[in-house]
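Scope of the values below: all heavy atoms of this structure, side chains included, with no hydrogens, waters or symmetry mates.
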Protein chains: 2
Amino acid sequence: MNQPVRPAQETASAPAHDRVYRALRTRIMHGEITPGAALTLRGIGGEFGVSMTPAREAVRRLAAEGALFLSSSGRVTTPELTNERIEELAALRALLEVELASRALPRAHMALIDRLQTINSNVAEMVSKRDAVGYIRTNLEFHRTLYLRAQAPAMLAMAETVWLQLGPTMRALYGRLRRTDPPQNHRLIIAALKAGDEPGLRLAVRSDVTQGLRLLAG
Amino acid sequence: MNQPVRPAQETASAPAHDRVYRALRTRIMHGEITPGAALTLRGIGGEFGVSMTPAREAVRRLAAEGALFLSSSGRVTTPELTNERIEELAALRALLEVELASRALPRAHMALIDRLQTINSNVAEMVSKRDAVGYIRTNLEFHRTLYLRAQAPAMLAMAETVWLQLGPTMRALYGRLRRTDPPQNHRLIIAALKAGDEPGLRLAVRSDVTQGLRLLAG
DNA sequence: CGGCGGGATTTGTGATCACATGACCGGATG
DNA sequence: CATCCGGTCATGTGATCACAAATCCCGCCG
């Protein structure tokens, strides 16, 4: 009963714990789980058709990245962030992403800028449709596409870890946000890239990254 | 045989996977394991008197933090960093630790500075004794003591993650370093703290953090 | 003498189970 | 009617086992 039957080819022949990890990770990062929601190992295992063991490994991995919170008794929930924590994570985003953008700037040629503009129109569409999850997903795609050009994998990984920690909270925040104006800061980022304007780029990225929390402090 | 015997009180009654995790973590961070060294789940379990299950969880957790490298077949080794990776991690240290020091500055009173000076004399002693592991340990204690004052737990956690990734490599680097001069940059850090000189503090921290890699690039 | 093949062994993966503990829900009591 | 106490149930932890695959090692062939 080790492998239920293995019909022909499974999803991708990736290890079970990795499939579970990736599925949960994107769910959390995209804000598909509300802050404070509880998960159970048996529940996860049941949902993905695996036993507790891979579910546990996936959960441990996510907890190590700060994407999940483990109570002292081992109960696993998605974290509920305090305001100070949110501000700190926003400061981290600013620190890391300004540096990533700055490093990407000299390598940003026209094809990249075109791609960013395409993604940005998708972002605008999600905003107009009030699709919070879609907005978060395309917004992160915009940033990741730019930062990939920085050729700094460790730095990008850290930035993604921060996104992961903010995922559930971002959803909650944007859910209460009533705004349909397109992402102005993304336009500034693209303009600065075109102009090769590094100070402008740094400022635009910093504004884009920290604006989301402004409605929190207000 | 779930609990071998539980003599009276064990080490601390902490969960087994957590004990294993912490033990391995400090070993790696202090550079007690050389880069590229291989570990086995059964070996870890045997060493700590537990089964494979807690060993696996500890390893997964450390791998998620970048402290261990898992090959595609699941073999687990401590990472061998490329030069680009080392430079990137050093840049991350600079970014994060400059910010942490800056945030700690307004909260640094005399008791803290005294403590830093005490720790720094220990650092100097380790340097003179050519004790690489002791040097790394006390050096990190110096930095952590300062950054704790920043009241920024997420940021400090990220900095520790970077230390963890650099652990084995740091040991290898300092092992080939023939230097017995005391840590000059630490003195500059302390002086800047006393003077309340933020720009000087930022510069001193940046120098201290990036100097170690200079012998690499040279 | 060097490369190669094949079998023995090591090693990670995942399922299952026993157990302890913490959570939850009910009723009894003040 | 609120509160506290009881048990039942859900849940995480860790051990053990079966299995597959990767690795290692040694002898064989060119």
Below 3.5 Å, does any donor atom in the side chain of [X] face an acceptor in the base of [N], or the other way round?
X       : N      : result
A:Arg56 : C:dG14 : no
A:Arg75 : D:dG12 : no
A:Arg60 : D:dG12 : no
A:Thr53 : C:dA15 : yes

Please output the side-chain donor-acceptor pairs of residues 47-61 of chain B that fall under 3.5 Å, not counting sequence neighbours, one pair per line with the distance.
residue: B:Glu47; atom: OE2; partner: B:Arg27; partner atom: NH1; Å: 3.2
residue: B:Glu47; atom: OE2; partner: B:Arg27; partner atom: NH2; Å: 2.5
residue: B:Ser51; atom: OG; partner: B:Thr53; partner atom: N; Å: 3.3
residue: B:Arg56; atom: NH1; partner: A:Glu57; partner atom: OE2; Å: 2.9
residue: B:Glu57; atom: OE1; partner: A:Arg60; partner atom: NE; Å: 2.2
residue: B:Glu57; atom: OE1; partner: A:Arg60; partner atom: NH2; Å: 3.2
residue: B:Glu57; atom: OE2; partner: A:Arg56; partner atom: NH1; Å: 2.9
residue: B:Arg60; atom: NE; partner: A:Glu57; partner atom: OE1; Å: 2.3
residue: B:Arg60; atom: NH2; partner: A:His17; partner atom: NE2; Å: 3.2
residue: B:Arg60; atom: NH2; partner: A:Glu57; partner atom: OE1; Å: 3.2
residue: B:Arg61; atom: NH1; partner: B:Asp18; partner atom: OD1; Å: 2.9

Just the rounded figure in Å: distance from [atom2] of [N] to [atom1] of [X].
X       : N      : atom1 : atom2 : result
A:Tyr21 : C:dT13 : OH    : P     : 15 Å
B:Leu68 : C:dG12 : CG    : P     : 12 Å
A:Arg42 : C:dA15 : CZ    : P     : 14 Å
A:Ile44 : C:dA15 : CD1   : P     : 14 Å
A:Leu41 : C:dT16 : CG    : P     : 15 Å

Choose from [options] the nucleotide whose nearest atom is closest to any side-chain atom of [X].
X       : options                : value
B:Ser73 : D:dA22, C:dG14, C:dT11 : D:dA22
A:Pro54 : D:dA15, C:dA15, C:dT16 : C:dA15
B:Ala16 : D:dG12, C:dG14, D:dG14 : D:dG14
A:Val76 : C:dG22, C:dG12, D:dG12 : D:dG12

Checklist entry - Looking at residues at least two apart in the chain, or sitting in another chain, which of them share a side chain to side chain contact (heavy atoms under 4.5 Å, CB included) with B:Ser72? => result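 Side chain to side chain contact (heavy atoms under 4.5 Å, CB included) list for B:Ser72, sorted by chain: empty.
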
Checklist entry - How would you label the contact of B:Leu39 with the nucleic acid (heavy atoms, under 4.0 Å): base, sugar-phosphate, or nothing? => result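 Result for B:Leu39 = sugar-phosphate.
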
Checklist entry - In terms of the nearest nucleotide of DNA chain C, which residue is placed more toward the 5' end: B:Gly43 or A:Ser71? => result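 Nearest nucleotide further toward 5': that of B:Gly43.
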
Next on the checklist: Are A:Leu100 and A:Val205 packed together at the side-chain level, in the sense that at least one heavy-atom pair is separated by less than 4.5 angstrom?
Outcome noted: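 Contact flag for A:Leu100/A:Val205 side chains = no.
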
Checklist entry - Any side-chain heavy atom of A:Thr169 within less than 4.5 Å of one from A:Arg85? => result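 A side-chain contact under 4.5 Å is absent here.
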
Checklist entry - A:Tyr147 vs A:Trp163 aromatic rings, parallel, tilted or perpendicular, using cut-offs 30° and 60°? => result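 Tilted, since the angle between the ring planes falls between 30° and 60°.
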
Checklist entry - Is there a donor-acceptor contact under 3.5 Å from the side chain of B:Thr161 to the main chain of B:Ala157? => result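 Judged by distance alone, yes, a pair lies under 3.5 Å.
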
Next on the checklist: So does B:Ala37 get a backbone contact from the side chain of B:Thr34, meaning a donor-acceptor N/O pair under 3.5 Å?
Outcome noted: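 No, B:Thr34 side chain to B:Ala37 backbone: no donor-acceptor pair under 3.5 Å.
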
Next on the checklist: Using C1' atoms of five pairs at each end, report the bend of the helix from C:dC1-D:dG30 to C:dG30-D:dC1 rounded to 10 degrees.
Outcome noted: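 For the helix from C:dC1-D:dG30 to C:dG30-D:dC1, the axes at opposite ends meet at about 30°.
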
